[in-house]
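Below, all heavy atoms of this structure are taken into account, side chains as well, without hydrogens, waters or symmetry copies. Every value quoted in this text rests on a predicted model; they were computed, and no experiment measured them. Just so you know, ligand 1 is whichever comes first in the structure, and atom 1 is the first atom listed for that ligand.
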Amino acid sequence: MSNDLESLKSEMLAAVAAAGSTQALEAVRVGELGKKGRITGLMKELGGLDPQERKARGQALNALKDEVARALEARKADLAQDDLDARLAGEGVDITLPVRPEQTGCIHPISQTIDEAIAIFGEMGFTVAEGPDIEEDWYNFTALNIPPDHPARQEHDTFYLPDTGDGQRKVLRTHTSPVQIRTMQQTKPPIRIIVPGRTYRCDYDATHSPMFHQVEGLLVDQTTHMGHLKGCLIDFCRAFFDVDDLPVRFRPSYFPFTEPSAEVDIGCTREGGQFRIGHGDDWMEILGCGMVNPKVLENCGIDSSVYQGFAFGVGIERLAMLKFGIPDLRTFFESDLRWLRHYGFSPLQAPSMVGGLDR
Ligand code: DAH
């Protein structure tokens, strides 16, 4: 590049670097590369040169043009970032503002119950896993040992989505159990998860809602037996209902994905029409559980001659209704603020096994 172009280049790059705003930068661009810009002007003069000279000068001018254009682009990106940083800094929220008591929101009893379950099972070493609400038939049923002609399918009142064209219909998951399958496919044992989440069944009355919540539990390793399952769930029930000697009973039951299976009841009384959890002559069913069916392990590629585990599933609404004395399930989803203020919880006190569950 000839001397005049070299010094022009330094001058132009300095101008680009000195542009302190997008507008200033645009002015530099127009001044150098615009229709009447300096580089454009020099390009126009090429016509008057002899061919040899024109070629060399043309190449040098093109190189100069490219370099200035690149510098302009780079500076533009820098300035945009500076603009964004400045805007974000200006938009900062002052989180030190004191809470105005009349404006505090409430934690919904469903969220509270889920947080309490996470606190209790978290203490036992379970971590939280998730899966999709819109689920494939295979995960929701088949892999859980509920083949297409199985009677349990009818009991689930499933919401089916339209056929995707390949003869497959997705479902709104009818339980959180499909996340067992997803987890076992993705992680090697030992596995210790709980799965709080939404579930769906076509049913609606004082104790059923088409959308409701469950917490699933799954533990897989090489040594676990039914005694561990019992201990784990007894501890959970006693911690959750905050009754140290709460009677907990395991009744034989049937689920396709566990073998053996059980349902769990907790002790209660219904004296004088008053329902109370704790010692009494009555029982209340609260969850289903069992040892993971070896077929389910095999469906996930886990060797059932080496591994075993237990699983459980519990309805969140039911737990919340029992613990907080909420009589009608439909009220959970009516978004009535008066109801929420009555049954809700302080957002400033997250449940923990150290700090206490619901305060
Ligand atoms: N998925 C069952 C239901 O929705 C609940 C359940 C029962 C889950 C036993 C489990 C289990 O993991 O072992 O009715």
Using the rule that two of Ile, Leu, Val, Met, Phe, Trp, Tyr join whenever any of their side-chain heavy atoms come within less than 4.5 Å, decide whether Leu219 and Phe255 are in one cluster.
no
What part of Ala311, side chain, backbone, both or neither, has a heavy atom within less than 4.0 angstrom of ligand 1?
both
Could you tell me the residue and atom name of the protein heavy atom closest to atom 11 (C) of ligand 1, and the distance to it rounded to 0.1 Å?
Phe257 CE1, 3.5 Å
Identify, for atom 12 (O) of ligand 1, the protein heavy atom at the shortest distance, and state residue, atom and that distance.
Glu216 OE2, 2.6 Å
Heavy-atom distance under 4.5 Å between the side chains of Met291 and Glu259, does that happen here?
no
Counting non-hydrogen protein atoms only, what is the nearest one to atom 5 (C) of ligand 1? Give residue, atom name and distance.
Gly313 CA, 4.1 Å
Check each atom of ligand 1 against the heavy atoms of Phe255 and keep those under 4.0 Å away; list them by number with element.
7 (C), 9 (C)
Of all the atoms in ligand 1, which lie at a distance below 4.0 Å from a heavy atom belonging to Gly290?
13 (O)
Those atoms of ligand 1 less than 4.0 Å from some heavy atom in Ser177
1 (N), 8 (C)
Looking at ligand 1, would Arg201 count as a contact under a 4.0 Å heavy-atom criterion?
yes
Is any side-chain heavy atom of Met353 less than 4.5 Å from a side-chain heavy atom of Glu116?
no
Which pair of heavy atoms, one from Phe250 and one from Ala262, lies closest together, and at what distance?
CD2-CB, 4.3 Å
Phe312 N/O under 3.5 Å from ligand 1 N/O
yes
Distance to the ring centre below 6.0 angstrom and angle to the axis at most 45 degrees; does that hold for Lys323 and Phe240?
yes
Return yes or no for this condition: an N or O of His156 is under 3.5 Å from an N or O of ligand 1.
no
Ring pair (Phe, Tyr, Trp, His ring centres under 6.0 Å) partner of Phe324, the single match among Phe241, Trp339, Phe345:
Phe345
Which of the ligand 1 atoms, numbered from 1, are nearer than 4.0 Å to a heavy atom of Cys289:
9 (C), 11 (C), 13 (O)
Against heavy atoms of Thr258, which atoms of ligand 1 measure under 4.0 Å?
13 (O)
Report yes if Thr174 has an N/O atom closer than 3.5 Å to an N/O atom of ligand 1; otherwise report no.
no
Using a 4.0 Å cutoff against the non-hydrogen atoms of Gln214, which atoms of ligand 1 qualify?
3 (C), 4 (O)
With a 4.0 Å cut-off on heavy atoms, does Phe310 reach ligand 1?
no
Arg173 to Tyr200, cation-pi by 6.0 Å centre distance and 45° axis angle
no
Suppose I only count heavy atoms of Gln180 and a 4.0 Å limit; which atoms of ligand 1 are within that range?
12 (O)
Any idea how Phe333 and His108 line up, ring-wise: parallel (<30°), tilted (30 to 60°), or perpendicular (>60°)?
parallel
Please evaluate residues Ile39 and Leu64 with respect to the criterion side-chain contact (heavy atoms from CB on, under 4.5 Å), reporting the C-alpha separation (whole Å), side-chain torsions for both, the decisive distance (0.1 Å), and the verdict.
CA-CA 8 Å; Ile39 296 182; Leu64 172 66; 4.0 Å; yes
Decide yes or no on side-chain contact (heavy atoms from CB on, under 4.5 Å) for Glu73 and Asp78, but give the supporting numbers first.
CA-CA 9 Å; Glu73 275 311 308; Asp78 283 352; over 6 Å; no
